[in-house]
Amino acid sequence: MFYHSALGTLAFLASASGYVWPSPQLDALESARFDQEGFNANPVAFFVQPCDSFINGSNTGRSNAADWIRTAYHDMATHNATDGTGGLDASIGFSEEQARPENAGDGFSNTMQLATIPVSRYLPLLADSIALLALLAIENCGGPEIAFRGGRVDAGVPNAPGVPQPQDDLDSQTASFARQGFTQTDMIGLVACGHTFGGVQHDFFPDIVNVLNDPTDLADVAHFDTTFVTFDNNVATEYISGTTRNPLVVGFNDTTNSDKRIFGSDGNSTMQSFANSPATFASTCADLFARMLNTVPSNVQLTDVISPLPVKPSNIELSLNGDTLQLSGQVRIWNITDSTHTVNMLLEDHNGGISNITLEFAGLSSSTGGKYSAAWYDFNATDRLSTLYLDAAAGVKSLSFAVDGALEDQNGLGFAIQDGFLFSQTSCQVAVPLSGRIDVAVWNGVNPTRVFLQEITVTTDSVQRIVVTELDILPPAEPVPANSAYSIWSINVTDVGANYGIGAEIDGVKYPVTDPHSFTFPLCQT
Ligand code: HEM
Ligand SMILES: *[C@@H]1O[C@H](CO)[C@@H](O)[C@H](O)[C@H]1NC(C)=O
Ligand SMILES: *[C@@H]1O[C@H](CO)[C@@H](O)[C@H](O)[C@H]1NC(C)=O
Ligand SMILES: *[C@@H]1O[C@H](CO)[C@@H](O)[C@H](O)[C@H]1NC(C)=O
Ligand SMILES: *[C@@H]1O[C@H](CO)[C@@H](O)[C@H](O)[C@H]1NC(C)=O
Ligand SMILES: *[C@@H]1O[C@H](CO)[C@@H](O)[C@H](O)[C@H]1NC(C)=O
Ligand SMILES: *[C@@H]1O[C@H](CO)[C@@H](O)[C@H](O)[C@H]1NC(C)=O
Ligand SMILES: *[C@@H]1O[C@H](CO)[C@@H](O)[C@H](O)[C@H]1NC(C)=O
Ligand SMILES: *[C@@H]1O[C@H](CO)[C@@H](O)[C@H](O)[C@H]1NC(C)=O
């Protein structure tokens, strides 16, 4: 009775608005994709903004944005469309792949270094981060919007080689793109779409680029077009007008002029269409980039396209304090640019009671280079931590919202809240070291087959994957009542400050792991 039936089954069903909240993976992907600047900004977008930012400072001629786009392409380019192996699976993180001649340059070590910060505890996978960062680099630097799907899976071993190189002849490059799943016309497009960013470095390609002696281009990068941190069709207009300085078109050694061979391979007709129309270039690139990012091993199932939820609860935290449930959080209202709206939250408990709470404006956020805005509202207008104090015995079943009087309840489902297991504020710490006891409150009358703590650490394995560990909590020998509604399950841990969430399997149903607690544990009584 404690949980909403939607939790287990509806998470991945598409709806008009995209998906049904809560869905930890989709919620996290949606946030990484759309909560970019301002209130509750997800830090992931900062890797690629501003568009000319580079890990080693300014005036290098390089940019993180270009490195992410090239990383995504080289990771994907191992795909074999016939047998379904390879694709965008973060295998580029393996030093063995990075050491191959086809992956010359330091762009991959740069991006993989930045990627050690997990997007969220629900996105420990690198492959989705590579795809998302390439997408954000393109979109936020003048590019078209790209349909984003999540669900990529990180490779366990390197993929077979297969990235085309400048000195390869046209036939082998065309065959390489065909193996990746792209036609000759796609190849012309994808190379042009990628090579509107960045350029070729002297250090790694001394046979293509000379030392430049340019104080604004310290890494000696010969750029593909004059606007190398911006998505635009200059790569095509400069090529067609004969003014291009693209080092893979007008390089001094014709053997490595691969863009020249590729761009001219259909008599310039594709490049001419790009030069004629920025809109054609943008829409073609949006399609090709989406296909590139979605080229994954054939056993990987991607999610639906992630679109912004019109109303989205966020930072939900529920804990038990005596007879009181403390619920904190905010709700994001999409496509609002100001603080003048009336937002009410209708909170339904397990007895059918409904509380009607007027929320207070908390802040604005934006995404996609300021193209979209959203406003955030706090759950409790008067509380510093925006905490609501609820009767634990009544619990909390679901939320719905009224925005300027219009009901937002996910087509009648409500926004389900899981109150079956949560942190109890009786959890405590021993001063030094930070060992202690974590108490989990479990709703009476349910049958947990497993309760555990899950820890996500920022330390990573050899391919920068985030390490996940789980600690099982044994059922108490005797029931330890917390109040009339909850009992306590406890576990002693050596680091109470770790980034734990709680997971549980109840009657065979596996529930999403909660977010970590934000309250501080008191000292344990001895
Ligand atoms: C035949 C196909 C291709 C060849 C031979 C090729 C070759 C190269 C070379 C030699 C560099 C210089 C790398 C460095 O100096 O660090 C480069 C950079 C780059 N390539 Fe390609 N490329 C190809 C296709 C693509 C595709 C399809 C994309 C993306 C859709 C792409 C995106 C990029 C980007 C963004 C850079 C700039 C990297 C930076 O400035 O850090 N390339 N490419
Ligand atoms: C792609 O897979 C097919 C089927 O297994 C195989 O015959 C072909 O050689 C592979 N291509 C490359 C370039 O490895
Ligand atoms: C950044 O600078 C450090 C120190 O000079 C160097 O080792 C590293 O390769 C540079 N990284 C990139 C991506 O330029
Ligand atoms: C041109 O590039 C090719 C491939 O890198 C190389 O084998 C050849 O020696 C170069 N030719 C000249 C004249 O530098
Ligand atoms: C394509 O356009 C370029 C630049 O105008 C020109 O140099 C080249 O000869 C053209 N190639 C073909 C195959 O028409
Ligand atoms: C966003 O809000 C504006 C102004 O209220 C409205 O005209 C527009 O249709 C909305 N866009 C979406 C995608 O809901
Ligand atoms: C919630 O309360 C507000 C007044 O604060 C009222 O205008 C609104 O109609 C109420 N909503 C519901 C669904 O009862
Ligand atoms: C909001 O917070 C205040 C201050 O802590 C508290 O007194 C009040 O009960 C809270 N409101 C609700 C509805 O829980
Ligand atoms: C935790 O440690 C304390 C003190 O050593 C001990 O009394 C208690 O039984 C332990 N609890 C669990 C759940 O292991």
Side-chain angles (χ1 to χ4, degrees), residues 15-19 30 33-34 74-87 89 91 97 100-105 139 145 147-148 155 157-182 187 200-211 222 246-262 295-299 305-312 332-343 364-376 401 403-408 410-411:
S15 69
S17 56
Y19 64 89
E30 196 256 19
R33 169 97 173 78
F34 292 110
H74 283 234
D75 193 29
M76 182 285 286
T78 59
H79 184 63
N80 183 333
T82 310
D83 67 8
T85 58
D89 59 4
S91 63
E97 274 196 30
R100 293 174 184 160
E102 66 190 34
N103 293 323
E139 281 191 354
E145 267 184 64
F148 180 65
V157 293
N159 288 324
V163 187
Q165 298 190 62
Q167 69 276 16
D168 296 346
D169 63 27
L170 183 62
D171 283 349
S172 73
Q173 285 170 338
T174 308
S176 175
F177 276 87
R179 174 186 35 76
Q180 298 158 33
F182 295 91
M187 170 177 73
V200 180
Q201 299 185 70
H202 163 75
D203 279 357
F204 302 99
F205 297 91
D207 296 334
I208 299 179
V209 176
N210 286 323
V211 172
N246 179 336
L248 300 181
V249 173
V250 294
F252 52 78
N253 182 342
D254 218 34
T255 308
T256 50
N257 280 333
S258 63
D259 282 9
K260 175 181 167 184
R261 289 188 291 276
I262 288 172
T295 297
V296 293
S298 58
N299 59 347
V305 172
I306 313 244
S307 49
L309 287 189
V311 169
K312 186 185 186 191
R332 187 197 70 195
I333 317 294
W334 189 252
N335 195 25
I336 299 191
T337 54
D338 57 58
S339 59
T340 61
H341 300 267
T342 303
V343 179
L364 292 173
S365 66
S366 68
S367 82
T368 322
K371 190 168 172 187
Y372 298 113
S373 296
W376 297 77
F401 299 88
V403 180
D404 295 329
L407 183 64
E408 295 281 355
Q410 300 200 105
N411 301 318

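Whatever order the structure lists them in is the order used to number ligands and atoms, beginning at 1. A quick note: this is a predicted structure, and the numbers were derived from the prediction, not measured.
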Give yes if a backbone or side-chain nitrogen or oxygen of D83 is under 3.5 Å from a nitrogen or oxygen of ligand 2, and no if not.
yes
Between the main-chain N or O of R179 and the side-chain N or O of H79, is there a donor-acceptor pair closer than 3.5 Å?
no
In chain order, what residues pass the ring-ring contact (aromatic ring centres under 6.0 Å, His included) check against F204, with sequence neighbours excluded?
none
To the nearest 0.5 Å, how far apart are OG in S339 and NE2 in H341?
8.0 Å
So, taking the atom named OG1 in T295 and the one named CG in D89, what distance separates them when rounded to the nearest 0.5 Å?
11.5 Å
Return the CD to OG1 distance between Q167 and T255, rounded to the nearest 0.5 Å.
9.0 Å
Side-chain donor or acceptor of N80 paired with backbone N/O of T85 under 3.5 Å
no
Among Y19, W334, F34, find the one that has a side chain to side chain contact (heavy atoms under 4.5 Å, CB included) with L309.
Y19
For N80 and ligand 2, does the shortest N/O to N/O distance drop below 3.5 Å?
yes
Sort out the contact shell of ligand 6: every protein residue with a heavy-atom distance below 4.0 Å, listed by chain and number.
N335
Polar contacts were defined as any N/O atom of the residue lying under 3.5 Å from an N/O atom of the ligand; does this apply to T256 and ligand 4?
no
